[in-house]
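Remember, it's 1-based here, ligands and their atoms both numbered in the order they're listed.
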Amino acid sequence: MTGDFQPQKAQLIMTLRGMGILDSRVLAALESVPRELFVPPALRHHSYENSSLPITYDQTISQPYVVARMTEALKLGGRELVLEIGCGSGYQSAILSHLCRRVYSMERVRPLLVDAENRLRDLRISNISFRFGDGSKGWPEAAPYDRIILTCGCDKIPDILLQQLKIGGIMVAPEGHGKAQSLVVVTRHETGFERVALMPVTFVPLIEGE
Ligand code: SAH
């Protein structure tokens, strides 16, 4: 099935490289995850375009470039525990699962989470734990995390999430009001949090509460 998309996939990887994604492990992960299985069947022919696509429940699967950029910014070495808020289709979770030890993924829309779980099980990806609920509170039982990734936009990164990051850990999140969001990389040092803004982005909003 995935073979059908091989030329488009190769083209996308070249595009991402041209846009400055240089981490070969990140590119290899994008190459190995069949994005066509994460998008609605009617949009499958768009799977390897460098664009976000609508999924169900008014949500989106992120643009491949943004997935690659966020993943690269996490600087994964293979041994990390990663908390992801906003499982959505599960595509970003699948990419992360290739590059770290375990992903803890949260989602507030139950049917999306159920679909993502089934998809990832079918792909025989077994190092992801899923939880239904409001991710703005994090997943304290498995904390602290080496990395945290937020795939929905918030006005300000919730302090509860920052507190679940290990010292030396990295968090990537879209932050800002409405559509004026900025992708922020936060590194936790012993003395506090260092923040760097990477680029403007547009993510669906983080919605608090169940
Ligand atoms: N990473 C996803 C993209 C997700 S879009 C992918 O690769 O497909 C953002 C997701 O965040 C949506 O599915 C939305 O339902 C979810 N979300 C929004 N607010 C949330 C919250 N408070 N807790 C958990 N998930 C949330």
Side-chain angles (χ1 to χ4, degrees), residues 12 16 26 29-30 32-41 43-44 46-74 76 82-100 103-120 122-123 125 128-140 142-143 145 147-162 164 171-176 178-179 181 183 201-210:
L12 174 62
L16 297 179
V26 172
L30 272 114
S32 71
V33 175
R35 192 168 187 256
E36 68 273 20
L37 302 185
F38 294 80
V39 307
L43 296 176
R44 248 168 218 169
H46 295 297
S47 299
Y48 292 96
E49 289 170 13
N50 187 22
S51 55
S52 61
L53 292 170
I55 50 174
T56 44
Y57 300 91
D58 286 336
Q59 304 304 327
T60 54
I61 174 168
S62 309
Q63 182 192 11
Y65 173 64
V66 174
V67 170
R69 205 61 208 280
M70 290 176 94
T71 309
E72 203 172 53
L74 287 175
L76 294 165
V82 181
L83 174 66
E84 177 192 35
I85 310 300
C87 181
S89 70
Y91 179 69
Q92 172 80 70
S93 332
I95 299 291
L96 294 170
S97 75
H98 285 271
L99 299 167
C100 69
V103 181
Y104 295 85
S105 187
M106 295 189 69
E107 173 56 57
R108 64 175 291 281
V109 178
R110 197 191 284 277
L112 281 179
L113 188 67
V114 170
D115 284 354
E117 276 194 74
N118 288 334
R119 226 172 250 136
L120 294 161
D122 290 348
L123 286 171
I125 293 174
I128 306 180
S129 303
F130 301 91
R131 179 183 273 196
F132 167 67
D134 178 7
S136 62
K137 309 277 183 299
W139 186 330
Y145 302 95
R147 304 289 186 264
I148 300 179
I149 178 170
L150 199 62
T151 72
C152 36
C154 57
D155 287 354
K156 191 174 171 299
I157 298 174
D159 204 44
I160 299 180
L161 291 181
L162 290 170
Q164 291 181 22
M171 172 162 183
V172 180
E175 198 183 43
K179 288 195 183 274
Q181 298 165 356
L183 190 62
V201 283
T202 310
F203 274 82
V204 296
L206 174 126
I207 298 171
E208 292 194 32
E210 301 297 308

Counting non-hydrogen protein atoms only, what is the nearest one to [atom]? Give residue, atom name and distance.
| atom | value |
| --- | --- |
| atom 5 (S) of ligand 1 | Thr60 O, 3.2 Å |
| atom 26 (C) of ligand 1 | Arg108 CG, 3.5 Å |
| atom 8 (O) of ligand 1 | Ser89 OG, 2.6 Å |
| atom 12 (C) of ligand 1 | Gln59 OE1, 3.2 Å |
| atom 19 (N) of ligand 1 | Ile207 N, 2.9 Å |
| atom 13 (O) of ligand 1 | Glu107 OE1, 2.7 Å |
| atom 11 (O) of ligand 1 | Gly86 CA, 3.2 Å |

Does any N or O in the side chain of [X] come within less than 3.5 Å of the main-chain N or O of [Y], such that one atom is a donor and the other an acceptor?
| X | Y | value |
| --- | --- | --- |
| Tyr48 | Arg35 | yes |
| Tyr145 | Trp139 | yes |
| Glu117 | Asp115 | no |
| Arg44 | Glu36 | yes |
| Glu84 | Val103 | no |
| Thr151 | Gly86 | yes |
| Arg131 | Met106 | no |
| Glu107 | Ile85 | no |

Review point. Under 3.5 Å between some N or O of ligand 1 and some N or O of Cys152?
Key: no

Check your understanding: Short N/O distance, under 3.5 Å, between Glu208 and ligand 1?
Key -> no

Review point. Taking side chain as C-beta onward, heavy atoms only, is Thr60 less than 4.5 Å from Leu53?
Key: no

Could you list which atoms of ligand 1 come closer than 4.0 Å to a heavy atom of [X]?
| X | result |
| --- | --- |
| Gly88 | 4 (C), 13 (O) |
| Gly133 | 23 (N), 24 (C) |
| Ile61 | 8 (O) |
| Glu84 | 1 (N) |
| Leu112 | 13 (O) |
| Gly135 | 21 (C), 22 (N), 23 (N), 24 (C) |
| Gln92 | 1 (N), 7 (O) |

**Study point:** Pick from Leu53, Val109, Thr151: the one approaching atom 9 (C) of ligand 1 most closely through a non-hydrogen atom
**Key:**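 Comparing heavy atoms across Leu53, Val109, Thr151, the nearest one to atom 9 (C) of ligand 1 lies in Thr151.
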
**Study point:** With Pro174, the side-chain contact (heavy atoms from CB on, under 4.5 Å) member among Ile157, Leu150, Thr202
**Key:**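 Of the listed residues Ile157, Leu150, Thr202, the side-chain contact (heavy atoms from CB on, under 4.5 Å) partner of Pro174 is Leu150.
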
Non-hydrogen atoms of [X] versus ligand 1: any pair closer than 4.0 Å?
| X | value |
| --- | --- |
| Cys87 | yes |
| Ser93 | no |
| Ala116 | no |

Check your understanding: If we ignore angles and hydrogens, is there a donor and acceptor under 3.5 Å between the side chains of Gln92 and Ser105?
Key -> no

Review point. For Gln63 and Ser52, does a side-chain donor sit closer than 3.5 Å to a side-chain acceptor?
Key: no

Practice item. Would you mind telling me if ligand 1 is within reach of the side chain of Val204, the backbone, both or neither, using heavy atoms under 4.0 Å? Key: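 Side chain only.
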
Check your understanding: Is the closest basic N to carboxylate O distance between Arg119 and Asp122 below 4.0 Å?
Key ->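 No.
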
